[in-house]
Amino acid sequence: MATGTGSKKKPSPLSLEQFISITAPLLDLEKEAEISSSIATGASRNLDTAQKRGSTILNLKCVDVQTGLMGKSLIEFQSTKGDVLPAHKFGTHDVVVLKLNKADLGSPALGQGVVYRLKDSSITVAFDDIPEDGLNSPLRLEKVANEVTYRRMKDALIQLSKGVHKGPASDLIPVLFGERPPAVSKKDVSFTPFNKNLDHSQKEAVSKALSSKNVFLLHGPPGTGKTTTVVEIILQEVKRGSKILACAASNIAVDNIVERLVPHRVKLVRLGHPARLLPQVLDSALDAQVLRGDNSGLANDIRKEMKALNGKLLKTKDRNTRKDIQRELRTLSKEERKRQQLAVTDVLKSADVILTTLIGAFSKKLDSTSFDLVIIDEAAQALEIACWIPLLKGSRCVLAGDHLQLPPTIQSVEAEKKGLGRTLFERLAEVYGDEITSMLTVQYRMHELIMDWSSKELYNSKIKAHPSVTAHMLYDLEGVKRTTSTEPTLLLIDTAGYVGLYPC
Ligand SMILES: Nc1ncnc2c1ncn2[C@@H]1O[C@H](COP(=O)(O)OP(=O)(O)OP(=O)(O)O)[C@@H](O)[C@H]1O
């Protein structure tokens, strides 16, 4: 077996119709599981129960309001008792609603935002606007089910089921559903690497990616430089003049690519809520670039003009003058919207690489943009239907991942059993194997002994440790002493018969 992907008997490919009919009900199951872990369910119709379940934090007070993250309002909350927050299941990037502490469960929210920062004793939420009232009263935050994600995946499924014969992905879809074989360029593709340190397997993978006409799988076992290789593929494609959509399931993986591209001065733009981006990539965010654009400056001037006119309107009693001002305000408001949209279009048009999460690729802002190449990192940890959101926008794709590591997390046990967690990467690796796949074979992270087990068990002993890590030890790190606990390379602890810390 060459790559851990190629030797099994090839299964018959899944058809588009089968994929749609299997996925639609499983997505519903997954959505139900997500909603039932949030507040609005029978099990937690009581606020104290909701707090115990971790989906609500009661008795909060607002302790700080700041403007940041390109105009968002960052509001910090602490417990009214001033101590650590109760145990909860809130995480950064979660969508939350703010309510008065005593308000009924179904009552309207004062505002909805995204968790920006979490500490033991405080939680900071980014709101689009400062909630108008209630900030001086005791408050609570509720975690809300992220239904948008499911709606977007469902919409992608609908898009896939109709009208796929015309869109940018019309030639890609038949290949990914086994109706047409994958094609590669007949000419050998040679390239001069931007990264002079690429090893032989990374170079081979880049070359194969550049030759692929519709799909390429970059199989990257742990620490073998999958993202390093993805970045090189992007740089080579930009050099060729391609417009690229680069995605991953998680924000952090997308930011990781942005960070590695920035030093190469690639024209790129990162789409996403500023509260979900790493501070070091904020400068590449769409909002930041829009603010710097000429059209945005014009829109700003128009807003100032509108403010002055609104002031005049308040003071004017004469009916005709009021009508004139209102007419002028309508015209200005239209112009302001147009300028804002143009500002966004300018940035997106001039970018060679647009980066966002899989779900973020659903953005209306990308509606009229198609891409020469869609690259998905961490593709073996993403639901197939989530991958289709960006894939529908391009004619070629590169999927990077490792289907031999953990699959995507599925909340619904039933949906998982019925195959929602089966990834596009795994499916294509089984159908096409080596024909479209390259495996990276040098790892840069682990001591050889740690690597050996997984290399033998999963990767047909193909992985080699780079000399820089083959024998590196914990105590080689600065400030780490050589002791009985830092000396062993690999320590196996038998936990059989133990529950928690104690024998059972
Ligand atoms: N050719 C190379 N020469 C030297 N170091 C490299 C090379 N390729 C990758 N590395 C280093 O190996 C580490 C892992 O690289 P990278 O993050 O690209 O791998 P990955 O496969 O995406 O990682 P993960 O296992 O987290 O998915 C990084 O520190 C990177 O700088």
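Values below: all heavy atoms of this structure, side chains included; hydrogens, waters and symmetry mates excluded. Numbers for residues simply follow the sequence, beginning at 1. Just follow the structure's listing: the first ligand is 1, and inside any ligand the first atom is 1.
- Atom 14 (C) of ligand 1 has R445 NH2, 3.5 Å as its closest protein atom, hydrogens excluded (heavy atom only).
- Near G223, the atoms of ligand 1 lying under 4.0 angstrom from a non-hydrogen atom of the residue are 21 (O), 23 (O), 24 (P), 25 (O).
- Near N197, with a cut-off below 4.0 Å to any heavy atom, the atoms of ligand 1 are 1 (N), 2 (C), 3 (N).
- Listed by chain and residue number, E378 satisfy the side chain to side chain donor-acceptor pair (under 3.5 Å) test with S250 (two or more places apart in sequence, or in another chain).
- Distance check on atom 25 (O) of ligand 1: some protein heavy atom falls below the 4.0 Å cut-off.
- Both the sub-6.0 Å distance and the 45° axial angle are satisfied by R482 relative to the ring of Y475.
- Checked against I244 for a side-chain contact (heavy atoms from CB on, under 4.5 Å), the options I233, D372, V238 give a single hit: V238.
- Per-residue contacts place D199 under 4.0 angstrom from the following atoms of ligand 1 (heavy atoms of the residue considered): 1 (N).
- For P222, the heavy-atom gap to ligand 1 drops under 4.0 angstrom.
- Nearest non-hydrogen protein atom to atom 31 (O) of ligand 1 is T228 OG1, 4.6 Å.
- An N or O contact shorter than 3.5 Å is missing between G220 and ligand 1 by distance.
- One side chain, T228 or R260, offers a donor N or O that lies under 3.5 Å from an acceptor on the other.
- Among D352, V258, I354, V281, the single residue meeting the side-chain contact (heavy atoms from CB on, under 4.5 Å) criterion with L268 is V258.
- For atom 29 (O) of ligand 1, the protein comes within 4.0 Å by no heavy atom at all.
- Residue pairs that meet the ring-ring contact (aromatic ring centres under 6.0 Å, His included) test with at least one member in residues 187-212, sequence neighbours left out, do not exist here.
- Contact annotation: for H466 versus ligand 1, there are no heavy atoms closer than 4.0 Å.
- Given atom 11 (C) of ligand 1, the protein heavy atom at minimum distance is Y444 CB, 3.8 Å.
- Set against the non-hydrogen atoms of T224, the atoms of ligand 1 under 4.0 Å away are 21 (O).
- With a 4.0 Å cut-off on non-hydrogen atoms, L198 touches ligand 1 through its backbone and not its side chain.
- The protein reaches atom 9 (C) of ligand 1 closely, with a heavy atom under 4.0 angstrom from it.
- Ring centroids of H93 and H273 are separated by 6.0 Å or more, keeping the two rings apart.
- At least one heavy atom of R260 sits less than 4.0 Å from an atom of ligand 1.
- Protein heavy atom at the shortest distance from atom 21 (O) of ligand 1 is K226 N, 2.9 Å.
- With contacts defined as side-chain heavy-atom distances shorter than 4.5 Å, the pair V215/I436 qualifies.
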Go through E259 and N256 one step at a time and tell me if the side chain to side chain donor-acceptor pair (under 3.5 Å) criterion holds. CA-CA 5 Å; E259 274 196 280; N256 193 3; over 6 Å; no

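- To the nearest 0.5 Å, the span separating CG on L373 from CD on E237 amounts to 5.0 Å.
- In terms of protein heavy atoms, atom 22 (O) of ligand 1 is closest to T227 OG1, 2.8 Å.
- Looking only at distances, a side-chain donor or acceptor of T229 sits under 3.5 Å from a matching main-chain atom of G225.
- Shown in contact with G225 at under 4.0 Å from a heavy atom are these atoms of ligand 1, numbered in order with element: 9 (C), 15 (O), 16 (P), 18 (O), 19 (O), 20 (P), 21 (O).
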